[in-house]
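Data block below; observations after.
The figures here come from the full heavy-atom set of this structure, side chains too, leaving out hydrogens, waters and symmetry mates.
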Amino acid sequence: MSVLSGKKIILGISGGIAAYKTASFIRLLIKAGAQVQVIMTPASCAFITPLTLATLSKRPVYSHFEKDFGEWTNHVDLGLWADLMIVAPASANTMAKMTNGICDNLLIATYLSAKCPVFFAPAMDLDMYAHPSTVENISKLKSYGNIEIPSQYGELASGLIGQGRMAEPEDMFQVIETYFNNQKPKDLKGKQVLITAGPTYEPLDPVRFIGNHSSGKMGFDIAQEAAHRGANVVLVSGPSALKLNHPNVEVVKVQTAQEMYEACHKNYNNSDIVIGAAAVADYRPKNVASQKIKKNDEEFIIALEKNPDILASLGAVKQHQFLVGFALETENEIEYAKSKLKKKNLDLIVLNSLNDKGAGFGKPTNKVTFIDKEFNVFPQELKSKEAVAKDIIDQIVKSYAT
């Protein structure tokens with residue numbers, strides 16, 4: 001659920017022992033959903049193998065000028081492709097070349113062609129790092145608009161202790177993630193957003209429950225997108241293995257539909273926008289056994305009673321809130337969604353159809369259709385759930401403003 005999902009990142013590696021850290025760094029980027037293209041200087045290949053980095057990045061590694069890159073035609077294409085470039089480690093030699101435009105390898109040629117933000121993470125021994133020429137080169141690189149990820153104080157390859165140790169992979173990842181977060185529009189700044197996510201579990205006894213296959217990913221992705229765009233978010237989540245750590249998000253954990261109902265009404269009056277993305281159980285066992293039910297009879301009949309309809313109850317007392325619901329259908333999708341929109345007094349409904357390949361529970365993708373309160377229908381393409389979350393917030397902002 002990272003903001004890096006789908007981002008195209010060039011990782012330029014220059015010669016230095018810190019090159020070994022790039023393996024872990026690539027894994028973090030790939031896990032976050034980024035596309036990573038590695039470019040190595042010839043000297044860096046002595047410190048870590050291109051095969052290792054190609055395996056981790058799932059792309060061929062480039063280190064020399066070639067007549068044919070396959071899908072890449074030249075360094076110009078590489079420079080145009082990327083959303084961000086980072087040179088790590090940035091050795092004293094490579095920084096000197098970057099500063100003065102000495103274009104004698106593919107990494108520098110790509111750097112000079114890059115149209116995207118460029119980060120650099122210096123790495124060298126303490127005396128080299130403190131040398132006036134290095135200090136001046138770092139200053140010049142920053143004056144060109146490049147962004148330094150400062151080296152750290154610690155044990156160096158020489159055995160000495162001092163400044164010059166390349167930032168750890170986790171620190172570099174955090175810097176880049178923060179950068180992309182800050183690029184998002186803050187069109188929800190100051191808004192209070194209430195979101196429900198995940199399934200609800202309705203207990204039969206202390207061991208068993210009635211539930212569904214919802215992972216909560218769609219709701220969590222929406223919460224993260226809203227928070228990135230400036231909103232203060234209360235995320236009411238049913239049982240889910242997902243976690244969301246963001247300073248603008250308060251996660252309220254619940255188990256049952258009744259608990260979710262109470263949490264939503266508790267936070268409703270202070271909310272500007274409410275998004276009901278949870279897969280709430282329609283029914284619950286009428287009687288919950290205090291002890292584990294034993295397997296005795298050939299048949300076991302469970303009497304069920306209706307759970308409260310959270311969206312309908314919120315729609316009935318709606319004042320200033322912009323209320324968004326979800327509909328998961330298998331037939332007559334548009335008609336059922338429009339009926340739900342009107343019946344529950346919603347401002348927008350997000351329709352999912354299980355007939356659409358790639359949509360539904362437990363998948364990384366989703367395909368939705370937006371229907372507004374005037375019954376205008378806006379079908380969307382199949383996308384990652386992170387991209388769908390962005391589209392949902394975009395549609396809310398657009399509709400909320402009107």
Side-chain angles (χ1 to χ4, degrees), residues 1-13 18 21-38 56-57 81-90 95 98 111 114-123 138-139 141-154 163 165-191 193 195 217 220-235 242-251 384-387 389-390 392-394 397:
M1 297 188 296
S2 172
V3 71
L4 270 67
S5 179
K7 297 298 184 185
K8 301 171 183 176
I9 297 176
I10 290 176
L11 172 59
I13 303 174
K21 293 184 180 181
T22 59
S24 297
F25 183 48
I26 291 170
R27 293 194 68 178
L28 291 171
L29 294 172
I30 294 295
K31 186 176 181 181
Q35 301 177 49
V36 181
Q37 178 60 58
V38 177
L56 293 172
S57 66
W81 172 81
D83 296 308
L84 181 144
M85 180 176 184
I86 176 170
V87 181
M95 287 194 298
M98 292 169 67
Y111 162 70
K115 302 299 183 184
C116 61
V118 177
F119 289 68
F120 65 102
I138 291 175
S139 179
L141 284 175
K142 292 195 291 186
S143 74
Y144 298 162
N146 301 306
I147 302 168
E148 180 191 13
I149 302 179
S151 66
Q152 299 176 349
Y153 185 95
Q163 200 77 22
R165 182 181 177 90
M166 189 176 81
E168 296 302 315
E170 294 79 9
D171 296 327
M172 294 192 295
F173 177 86
Q174 186 62 55
V175 168
I176 291 175
E177 188 174 52
T178 299
Y179 172 81
F180 280 118
N181 281 337
N182 291 338
Q183 304 311 302
K184 283 185 172 291
K186 302 303 179 185
D187 41 17
L188 290 181
K189 186 176 179 62
K191 298 298 181 183
V193 179
I195 301 172
K217 180 169 172 54
F220 273 69
D221 285 344
I222 296 170
Q224 179 164 271
E225 178 69 19
H228 287 334
R229 291 165 71 161
N232 295 311
V233 180
V234 175
L235 174 62
L242 299 175
K243 295 181 180 180
L244 179 53
N245 295 314
H246 192 287
N248 288 11
V249 179
E250 176 190 353
V251 180
S384 70
K385 286 185 174 177
E386 293 92 344
K390 179 182 180 301
I392 290 171
I393 296 298
D394 286 344
V397 169

Problem - Within 6.0 angstrom of Lys115 NZ, more than 12 heavy atoms from elsewhere - result: no

Exercise for the section: For Asn182, look at atom CG and say whether over 12 heavy atoms of other residues, nucleotides or ligands are found less than 6.0 Å away. Expected result: yes

So, do [X] and [Y] sit near enough that their side-chain heavy atoms are less than 4.5 Å apart?
X: Ile393; Y: Ile222; value: yes
X: Leu188; Y: Val397; value: yes
X: Leu235; Y: Leu244; value: yes
X: Ile13; Y: Val87; value: no
X: Gln37; Y: Met85; value: no

Problem - NZ/NE/NH1/NH2 to OD/OE distance under 4.0 Å, Glu225 and Arg229 - result: yes

Problem - Salt-bridge contact Glu177-Lys7 (side-chain N to carboxylate O under 4.0 Å) - result: no

How close do [X] and [Y] get, counting heavy atoms only, and between which atoms?
X: Asp83; Y: Pro117; answer: O-CD, 3.3 Å
X: Ile195; Y: Ala223; answer: CD1-CA, 3.4 Å
X: Pro89; Y: Met166; answer: CA-SD, 3.4 Å
X: Val36; Y: Ile26; answer: CG1-CG1, 4.4 Å
X: Pro122; Y: Ile138; answer: CG-CD1, 4.1 Å
X: Ala167; Y: Ile149; answer: CB-CG2, 3.8 Å

Point-to-point distance, once rounded to the nearest 0.5 Å, from [atom1] of [X] to [atom2] of [Y]:
X: Asp221; Y: Ser384; atom1: CG; atom2: OG; value: 8.0 Å
X: Gln35; Y: Ser5; atom1: CD; atom2: OG; value: 9.0 Å
X: Cys116; Y: Ile9; atom1: SG; atom2: CD1; value: 9.5 Å

Practice task
Quick one: do Lys191 and Asn232 satisfy side chain to side chain contact (heavy atoms under 4.5 Å, CB included)? Show the steps, please.
Solution key: CA-CA 6 Å; Lys191 298 298 181 183; Asn232 295 311; over 6 Å; no

Problem - Of all pairs that satisfy side chain to side chain donor-acceptor pair (under 3.5 Å), the ones with a partner from residues 23-32, not counting sequence neighbours - result: none

Handout entry: Asn181, Ile147, Ile86 screened by side-chain contact (heavy atoms from CB on, under 4.5 Å) with Ile176, the one that passes
Key = Ile86

Practice task
Under the side chain to side chain contact (heavy atoms under 4.5 Å, CB included) rule, what do Ser151 and Arg165 come out as? Steps first, then yes or no, please.
Solution key: CA-CA 5 Å; Ser151 66; Arg165 182 181 177 90; 5.7 Å; no

Exercise for the section: Would you please say whether a donor-acceptor pair under 3.5 Å links the side chains of Asp171 and Gln152? Expected result: yes

Problem - Lys186 (side chain) donor-acceptor with His228 (main chain) under 3.5 angstrom - result: yes

Exercise for the section: Mark yes or no for whether Thr22, through its side chain, and Phe25, through its backbone, hold a donor-acceptor pair below 3.5 Å. Expected result: no

Handout entry: For Leu141, side chain to side chain contact (heavy atoms under 4.5 Å, CB included) partners two or more places apart
Key = Met95, Met98, Thr99, Tyr111, Phe120, Tyr144, Asn146

